[in-house]
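Scroll down for the structure; my scribbles are underneath it.
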Amino acid sequence: MADDELRNNQDPETEQNTEPEQRPETEEEWPTFDWKDGIFSAQQEGGDEADATRVVRQDEAPQPEPEPPAREPKKKKKHMSVQATILTALVYLLGVLLVSYAIATVSWDFANDLLALNKEELTATITIEEGETVDEIAANLKEAGLIEYPLLFKIFAAFTGKAEDGKIVSGTYELTTDMDYSALLTSIGPQSPVRSVVTVTIPEGYTIAEIFELLEENEVCSAEDLMEAAETEDFDYDFLDGVSATGANRLEGYLFPDTYEFYMQASATSVINKLLSNFETRFDEDMQARLEEMDLTMEDVMIVASIIEKETDGQDQKDIASVIYNRLSESNTETNGYLQMDSTIQYLLDERKESLTAEDLAIDSPYNTYLYPGLPVGCICCPGLDAIEAALNPNETDYYYFYLGNDGSTYFFSDYDSFLAFRQEQMAAAGTDSEEDDTATGEEDDAA
């Protein structure tokens, strides 16, 4: 009895140490984990939540200590020998010295070129065409031996602003190797002290075409550029406002004949402006007052002056002026308003002729004073001051005709018969066939 009680009262823990009770073999059941409550719940048949075994959350469960990373075996340091260290230092030092020397040498060469130091003495004439770029100018300076480094020159020009529009002008310049970059750029600018100048004398009576050819011969500017500017540029002068001629002919008569100093290789516009400005100065207030007194336009007076200039170069210009005005008078019956001046026909020809033909006299042009009465549409040359004065101050005569005699003198006549008789006499003395000349001059003989 006592043994039975003793067995019944045994401690449960002691009972657990006894051989476990045999369970029937069943399929192994895996619990599921409830992520919300952090528990495993049994999924066996007949089980309920009360039998679920609560487990420690994953973050509360003890974690195994991480194993320390395996250490790599230490590499043995290589120690350079003293000799190798010294050699490396010497090579490095030598490289630094060579680079420094190269930089110093190049810098010194740049400085010499930039500042014009230690250069061989040289003078060169450089021509800069209108529209040339800094690249082209630098190449020309290099070719002439004035600089060594065109790229450095261009960088300097851009950095200093001396290559901006208007700061380099076309022209011919005498430059030297004594000039540094700054002096070179200044010397090819509008205020250049070394720009080449040429003196040109424009004769009285030259046409604009002849003037432009003369300027080209003296290397002032090309005739083509001058003609283009004469045709297209807008020249701001009051005396050009009433001009009837068009194109380049509008300037005919107003490029004043005189002696000028021009820059070589100058711009066409600046050259023409210089000539027009001189005319504006020479046609002074007294001339303007006389113009108003005669009740004529400046264009009329300048056309008359251009004809006077072409018809004679003697002291009879004022008499020839009187012939022109008499022929233009509405009251005259000798010529009925026709000037019939050979000079106006010559203006239409490519080359001047000794004698005009019937074909020449028939050229249909507003400059043909045989076909059309009154003054031609524009001037036929650029007259000088004497011819302008004669046009403003003609002699008072009754002359309608004049003829250049065999002796070189000009003879004047009041009627056609007197003129015709003298002309035939002169032609007979010179051995010229008068009938041939009559064919050349047409029905009404030339006044000249």
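The residues of the chain are indexed from 1 along the displayed sequence. Note: hydrogens, waters and symmetry copies are ignored here, and every other heavy atom, side chains too, is used.
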Residues [X] and [Y]: side-chain donor-acceptor under 3.5 angstrom:
{"X": "Tyr411", "Y": "Gln426", "value": "no"}
{"X": "Asn273", "Y": "Ser270", "value": "no"}
{"X": "Thr335", "Y": "Asn332", "value": "yes"}

Worksheet item: Taking the six-membered ring where the residue is Trp, are the ring centres of Tyr399 and Phe413 under 6.0 Å apart?
Response: no
Worksheet item: Do you know the tightest heavy-atom contact between Val271 and Ala266?
Response: CG2-CB, 3.9 Å
Worksheet item: Which one of Ile137, Ile188, Ile168 satisfies the side-chain contact (heavy atoms from CB on, under 4.5 Å) criterion with Glu132?
Response: Ile137
Fill in: Passing option when Met287 is tested against Arg282, Glu292, Glu389, Met298 for side-chain contact (heavy atoms from CB on, under 4.5 Å)
Glu389
So for atom [atom1], which belongs to [X], do other residues, nucleotides or ligands contribute more than 12 heavy atoms lying within a distance under 6.0 Å?
{"X": "Asp236", "atom1": "CG", "value": "no"}
{"X": "Glu224", "atom1": "CD", "value": "no"}
{"X": "Asp295", "atom1": "CG", "value": "no"}
{"X": "Glu219", "atom1": "CD", "value": "no"}
{"X": "Glu143", "atom1": "CD", "value": "no"}

In terms of ring plane angle, is the pair [X] and [Y] parallel, tilted or perpendicular, where the classes change at 30° and 60°?
{"X": "Phe256", "Y": "Phe279", "answer": "tilted"}
{"X": "Tyr367", "Y": "Tyr347", "answer": "tilted"}
{"X": "Tyr401", "Y": "Phe419", "answer": "parallel"}

Practice prompt. Go through the steps to decide whether Phe235 and Tyr237 satisfy the test ring-ring contact (aromatic ring centres under 6.0 Å, His included), and finish with yes or no.
Written response: CA-CA 6 Å; Phe235 297 100; Tyr237 295 92; 7.2 Å; no
[X]: which residues meet the side-chain contact (heavy atoms from CB on, under 4.5 Å) condition with it, sequence neighbours left out?
{"X": "Ala390", "answer": "Ile308, Gln317, Lys318"}
{"X": "Thr199", "answer": "Thr259, Glu261"}
{"X": "Glu231", "answer": "Met227, Ala248"}

Worksheet item: Below 4.0 angstrom, N of the basic side chain to O of the carboxylate: do Asp178 and Lys119 qualify?
Response: no
Worksheet item: Distance from Glu204 atom CD to Ile388 atom CD1, nearest 0.5 Å?
Response: 9.0 Å
Worksheet item: What's the spacing between Tyr370 OH and Leu339 CG if we round to 0.5 Å?
Response: 10.0 Å
